[in-house]
Amino acid sequence: MSAETTDRLEAARLEKLHKIEALGIDPWGQRFDDHVAIRDAREKCPTEKGVVGAEIRVAGRVMLRNDKGKLKFMHIQDWTGRIQIMLSKSEFTDEQWELINCIDLGDIIGVDGHLKVTNTGESTVGATQVTFLTKSLAQPPEKFHGAKDIEMLLRQRYVDLIYNDGVLERMLKRGKIINSIRSTLRDRNFVEAETPVLHAIAGGAAARPFITHHNTLDMQLYLRIALELHLKRLMVGGVERVYEIGRVFRNEGVDSTHNPEFTMIELYQAYGNYETMMDLTEAIFTNAIRATDQEMVLPWGEKEIDFTPPFQRAKYGDLFKEHAGCDMHDAAGVMEAAKRFHVDTKGKAHDLIVNDIFEEAVESKLIGPVFVIDYPASMCPLTKRKTSDPTVAERFELFIDGLELANAYTELNDPRLQEELFLTQLEGQKEEDSMAKMDHDFVRALKVGMPPAGGLGIGIDRLVMLITNSHSIRDVIYFPLLRHEVRNAAGEVEEDSSET
RNA sequence: GAGGGCGUAGCUCAGUCGGUAGAGCAACGGACUUUUAAUCCGUAGGUCCUGGGUUCGAAUCCCAGCGCCCUCACCA
């Protein structure tokens, strides 16, 4: 990066800024009331040439400029769309025209005028007044090709949002989806809670946590990896229908479906079970799809996913038999299948091997949406066992094209069994890979009595990916994690040579 | 963490066999009152990611580092 070139381009803009100031105008703008959304302005625009439409006020960023001397065209953009502005010298005083000549690409202006269509049929605001609202000192990307350097776009997401079609729209859809989830739950009398992010024990899921430290209390803390155990404590406390939409943190790899911090919703419903949660999952998904003005069949890359409820329900054991070719209880068959799917069996408990084979052989085959139900109990230390068969846990995971979208249980509320399961590590499973981490306070809470309940967790980022047909989690997170840029004393970006 | 790819002007991209860097847009100066990525004339703009090496000579070849992307592993 050349600081000199940047300075040269910035200097040209600063010169215009000084000209604006010399005209007695604030180049950083002031309150600007009563403008209409550009989308609404376009709708009000007459369609016949020569017809003078409504008086209107719009505001936005200058994206394109055709300067024909005494007649100028500009395109301005707000968060609803773009519209052309026509500026005719005959409409303005000399001073105002001088201001108009100081407008650069990227500046933010307000425009009063009347709606019309030009000779070429373009919806246009014939400007009668221009209000300068903000000077842009930075050089915008190429006007036709836009910016394509993925690294720059991630580091300067604001540039991505302004100059690349669909980026802002997609992120606004994320907001609509989250609003829809809240609305679905509000209709069912759920209340929202905020529980601690700093945990003494990083429980409720199997993942490596981020570790931090509280200075004055001199204690080690973890950033939460799940919302589960605090929300269940609230169930004990009588908050009968509770949810939290919150960031969780997992100190794991980064790829197209994983970001170290991501957003989950977890919800708990007293007196429900995992079947209640399946119905609720369907409601949350279908309402969210409607909230983005789409039908139930969504494009997903080359595929289409049909979200019309009810979603398919398939038993874990049946899927295992179908794709792994043997009964999951058949020890010899499972060992043979492990070989076929290159699953390491050394020192591992039978159910752990079964689970590894399941992940290898089955998950990618699940296009769905499909609820995989009834997991081996040993894999589910927080889940209630089936009364009819204690080796089976009342758990489901929702899979769509091999992606795990949701995870739900009939919640285990037996404190003695919970304590026992916290103490039981499956053979061959590392502690950090296990959900079973002793949490005495949680057991104490269960002793007070938690009602039978259904609980559900949904990965919000992945849900947004599916609904917006985005195949990278970075496309649905405003600021995904990147390595640091390092700046030298002059403020220029340098390569990071430090070891951390 | 492993393997592969990429890194050239503010942006989008060329750059042949190794012979010391080009275009378009943007910027700057000029012409133009219905353009659509406007057009036309002119000007300026470079740490070819960084550091070594090979060579008479490196954007180009080699090595190392940094960043990003892809695949795999871990994970949701």
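In this structure, the nucleotide among rC32(B), rA44(B), rU12(B) sitting nearest to the side chain of R8(A) is rA44(B). Checking rU12(B), rA73(B), rC68(B) against every side-chain atom of D255(A), the shortest atom distance belongs to rA73(B). Distance from the side chain of M86(A) is smallest to rU34(B) among rG10(B), rU33(B), rU34(B). Nearest nucleotide to the side chain of S88(A), out of rC74(B), rU33(B), rU35(B): rU33(B). Closest to the side chain of K89(A), out of rA38(B), rU33(B), rA27(B), is rU33(B). Side-chain atoms of D104(A) lie closest to rC28(B) of the nucleotides rC28(B), rA38(B), rC11(B). In the set rU35(B), rA76(B), rU33(B), the nucleotide with an atom closest to the side chain of A206(A) is rA76(B). Of the candidate nucleotides rC13(B), rU34(B), rC69(B), rC69(B) has the atom lying nearest to any side-chain atom of L154(A). Side chain of H145(A), nearest nucleotide from rU12(B), rA27(B), rU33(B): rU12(B). Candidate nucleotides rU35(B), rC11(B), rA76(B) were compared by shortest atom distance to the side chain of E142(A), and rC11(B) ranks first.
Using a 4.0 Å heavy-atom criterion, one finds that N259(A) contacts the bases of the nucleic acid, with or without backbone contacts as well. Using a 4.0 Å heavy-atom criterion, one finds that G459(A) contacts no nucleic acid atom at all. Here K70(A) lies in heavy-atom contact (under 4.0 Å) with a base. In this structure, K116(A) reaches the bases: a heavy-atom distance under 4.0 Å links it to at least one base atom across the strands shown. Residue contacts shown for M264(A) are absent, as no nucleic acid heavy atom lies under 4.0 Å away. At a threshold of 4.0 angstrom between heavy atoms, the contacts of E404(A) are confined to the sugar-phosphate backbone, with no base atom among them. At the heavy-atom level, N251(A) lies nowhere under 4.0 Å from the strands shown. At a threshold of 4.0 angstrom between heavy atoms, the contacts of L403(A) with the nucleic acid are absent. Among the heavy atoms of the strands lying under 4.0 Å from G146(A) are primed sugar atoms or P, OP1, OP2 only; no base atom is included. Using a 4.0 Å heavy-atom distance criterion, S256(A) is classed as making no nucleic acid contact.
The gap from the C1' atom of rA9(B) to that of rU35(B) amounts to 28 Å, rounded to the nearest Å. With both ends at atom C1', the span from rC48(B) to rG15(B) equals 10 Å, rounded to whole Å. Across the P atoms, rU47(B) and rU8(B) are found 12 Å apart, a figure rounded to whole Å. Rounded to the nearest Å, the gap between the P atom of rC17(B) and that of rG24(B) is 25 Å. The gap from the C1' atom of rU55(B) to that of rA14(B) amounts to 26 Å, rounded to the nearest Å. Remark: the separation of the P atoms in rA21(B) and rA31(B) is 35 Å, to the nearest Å. A distance of about 33 Å separates the P atoms of rG45(B) and rC62(B), rounded to the whole Å.
At rC68(B), none of the side-chain N or O atoms of R474(A) fall inside 4.0 Å of OP1 or OP2 (strictly under the cut-off). In terms of phosphate contacts, R65(A) brings no side-chain nitrogen or oxygen within less than 4.0 Å of OP1 or OP2 of rU39(B). Contact between the side-chain N/O atoms of N119(A) and the OP1/OP2 oxygens of rU34(B) is not found at any separation under 4.0 Å. Under 4.0 angstrom from either OP1 or OP2 of rA38(B) there lies at least one side-chain N or O belonging to K143(A).
As rounded to whole Å, 15 Å separates atom P of rA76(B) from atom CG of L398(A). Following rounding to the nearest Å, I225(A) (CD1) and rC74(B) (P) show an atom-to-atom distance of 18 Å. Here rG10(B) presents its C1' atom at 5 Å from CG of L9(A), a figure rounded to the nearest Å. As rounded to whole Å, 12 Å separates atom C1' of rG10(B) from atom OH of Y163(A). Between the CZ atom of F73(A) and the P atom of rC32(B) there is a distance of 16 Å, rounded to whole Å. Protein atom CD1 of I150(A) is 11 Å distant from nucleotide atom P of rU12(B), rounded to whole Å. Remark: P of rG29(B) and CD of E15(A) are 7 Å apart, rounded to the nearest angstrom. As a whole-Å value, the separation of D67(A) CG from rU33(B) C1' is 11 Å.
Under 3.5 Å, the side chain of E122(A) and the base of rU34(B) form no donor-acceptor pair of N or O atoms.
Using Watson-Crick or G-U wobble geometry with both donor-acceptor distances under 3.5 Å, rU50(B) finds its partner in rA64(B). As the counterpart of rG1(B), rC72(B) is assigned, both hydrogen-bonding distances of the Watson-Crick or G-U wobble pattern falling under 3.5 Å. The partner of rC25(B), taking Watson-Crick or G-U wobble pairs whose two distances both stay under 3.5 Å, is rG10(B).
For the pair D351(A) (side chain) and V354(A) (backbone), a donor-acceptor distance under 3.5 Å is absent.
For E394(A) and Y274(A), the side-chain atoms include no donor-acceptor pair closer than 3.5 Å. S470(A) and D475(A) form no side-chain donor-acceptor contact under 3.5 Å, judged by distance and modelled atom types alone. Side-chain N/O atoms of E91(A) and T128(A) include no donor and acceptor closer than 3.5 Å. Between N469(A) and H471(A), the side chains place a donor N or O and an acceptor N or O closer than 3.5 Å (distance only, hydrogens not considered).
Close placement of the Y316(A) and F358(A) rings is indicated, their centers lying within 6.0 Å of each other.
Across P141(A) and G146(A), no two heavy atoms sit closer than the pair CB-C, 4.0 Å.
Annotation: of the two residues near RNA chain B, L71(A) and P260(A), the 5′-most nearest-nucleotide partner is L71(A).
In this structure, F262(A) forms an aromatic stack with the base of rA76(B), since both conditions hold: centre separation below 5.5 Å and plane angle below 30°.
Enclosure of atom NZ in K315(A) is not indicated, since only 12 or fewer non-hydrogen atoms of other residues, nucleotides or ligands lie within 6.0 angstrom.
In this structure, R395(A) is positioned above the aromatic face of Y375(A), its NZ or CZ under 6.0 Å from the six-membered ring centre and within 45° of the axis.
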